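Comments concern the structure below.
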Amino acid sequence: MSGKVRVRFAPSPTGHLHVGGARTALFNWLFARNKGGTFILRIEDTDRERSTEESYRGIVDALRWLGLDWDEGPEVGGAWGPYFQSERRDGYRERAEMLTAGGKAYPCFCTAEELAERRQAMKSLGADPRYDRRCRDLEPGIVEELLSRGKPHVIRLKTSDEGVIEFTDIVHGKIAVPAEQIDDFIIVKSDGFPTYNFAAAVDDSRMEITHIIRGDDHLSNTPRQLLIYEALGARPPAFAHVPLIMGPDKARLSKRHGSTSIQQMRDEGYLPEAMVNYLALLGWSYDDSAQLFSMEELIEKFSLDRVSDKPAVFDYKKLRWMNGEYMKKRSVEDRVRLVMPHLEAAGLVKDPADGRMRDFVKRVVEVVGERLKMPQDIVELSDFFFRDEVEYDEKAAGKFLKRHYVGPAFRVLEDRLQTLHAYNEIGIEELMRGLAAEMGLKAGELIHPVRVALTGRAQSPGIFEVMALLGKEKVIERLARARRAYA
Ligand code: GLU
């Protein structure tokens, strides 16, 4: 062994890449990059019925979108391949045969019905249902005969009831499981395919994996995998089981809480750098307060000893905030590219937009500024720039337009805007503040009604910027319309 860190992400291609899987992949990737090690992608597709090419594609696309490149694995190759378990069957069979020949494993011919019956009987006696090792000591002659007759069988690992199986998990510390809790479990199924525990342990040892970083839900598999390493005469890797991800209600994160598939979240407009930053903080922290980390900072700062053993809470509100932070860092051109499809889908901009419209959208994006947390927010934040007529929010109109001074104030404002030479942000602001003072109003008492008249809402980007961008003609027209409708 080279002594270098080798870690793997080992998804089963039976569905989308979810938040939990992506977090596992990220922690492995960060650990490898931090240590100058190797990050391996291994596809665990031994469940032939549930594995699909489509899932595989989706997972690989999602990893690439997140920026998690692998040094060995599908499409890039490597000296420890192949990296699809379905192509490694000979290796599992050879090792199972080796273990059987060495007296560490044995064929078991018990049928599913027999096992079910015996389990039932054990239960009714109040005992833990477990395999009774019936086939463990069959006469070699009988075994040979049954095998030669082609009697269906599985292969089981011989385990002992003596002692404890112990290991130190990097996250959870010392873990000890009484050996008697583990029966002679199956390593090769009757269809000749390895079980998950066997395939994973064989591959992890053959691929010289040094650290296994995976979800807490696999903690209970580890003692079995350790027994397999032992039987194989292989040195076990280090283990780090990262905590479960929960929804805000403390139940395991699921669709009920919101989108959990990375592909879906990408389609919903989350930026990959925000996703990565957010996922990194699910169970890991640098200190008590730091939240925003670039990929480079994460690589530099990540360590397993700062992974918590407490469940992590997935907070969609915080993710949205974080997305906004990264949106701010994107160039205006980039933001235009991101919002354009949403403006088109909402029918606010013709598809495809011409050069003039693109320039206008660019100005809109600038005016909207930091309010844009997600690309689709653009519709809600700026539709009034694109519509011919404003739709009034009745509550806002009632509160701000139905005031005695609004009619006269708007009339004067319309006149003065008409003759304003410097029709720009500064000129408009000066005019508005001057007018408010003349009429004995606070600036806000004029600004709020103007905002509702121009945007239909009580909230909008800076009103002087909005007025400048909307243009003199539209502004005067909207003021007059609002005055006639409400004041
Ligand atoms: N294929 C397993 C899973 O997706 C991998 C578990 C492991 O990392 O050992 O859960």
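As the structure lists them, so they are numbered: ligands from 1, and atoms in each ligand from 1. Just so we're clear, the structure is a prediction, and the values are computed from it rather than from any experiment. The figures here come from the full heavy-atom set of this structure, side chains too, leaving out hydrogens, waters and symmetry mates.
Of the N or O atoms in Ala10, one or more lie within a sub-3.5 Å distance of an N or O in ligand 1. Considering backbone and side-chain atoms together, Gln225 places no N or O closer than 3.5 Å to any N or O of ligand 1.
Checked against the 6.0 Å centroid criterion, the rings of Phe314 and Tyr278 qualify as a close aromatic pair. Two rings, from Phe302 and Trp284, have their centers less than 6.0 Å apart. Between His211 and Phe31, the ring centre distance stays below 6.0 Å.
Distance from atom 9 (O) of ligand 1 to its nearest protein heavy atom, with residue and atom name: Tyr196 OH, 2.6 Å. Atom 1 (N) of ligand 1 has as its closest protein heavy atom Glu44 OE1, 2.6 Å.
What you find for Thr14 and Ser55 is that their closest heavy atoms are C-OG, 3.6 Å.
Across the listed options His241, Gln85, Arg8, His218, His218 owns the non-hydrogen atom lying nearest to atom 3 (C) of ligand 1.
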| said: Test side-chain hydrogen bond (donor to acceptor under 3.5 Å, both in side chains) on Ser86 and Asp45; report intermediate values, then the result. | reply: CA-CA 6 Å; Ser86 58; Asp45 57 348; 2.7 Å; yes
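At a heavy-atom cutoff of 4.0 Å, ligand 1 is contacted by no atom of Phe9, backbone or side chain. Heavy atoms of Ser12 found under 4.0 angstrom from ligand 1 belong to the backbone as well as the side chain.
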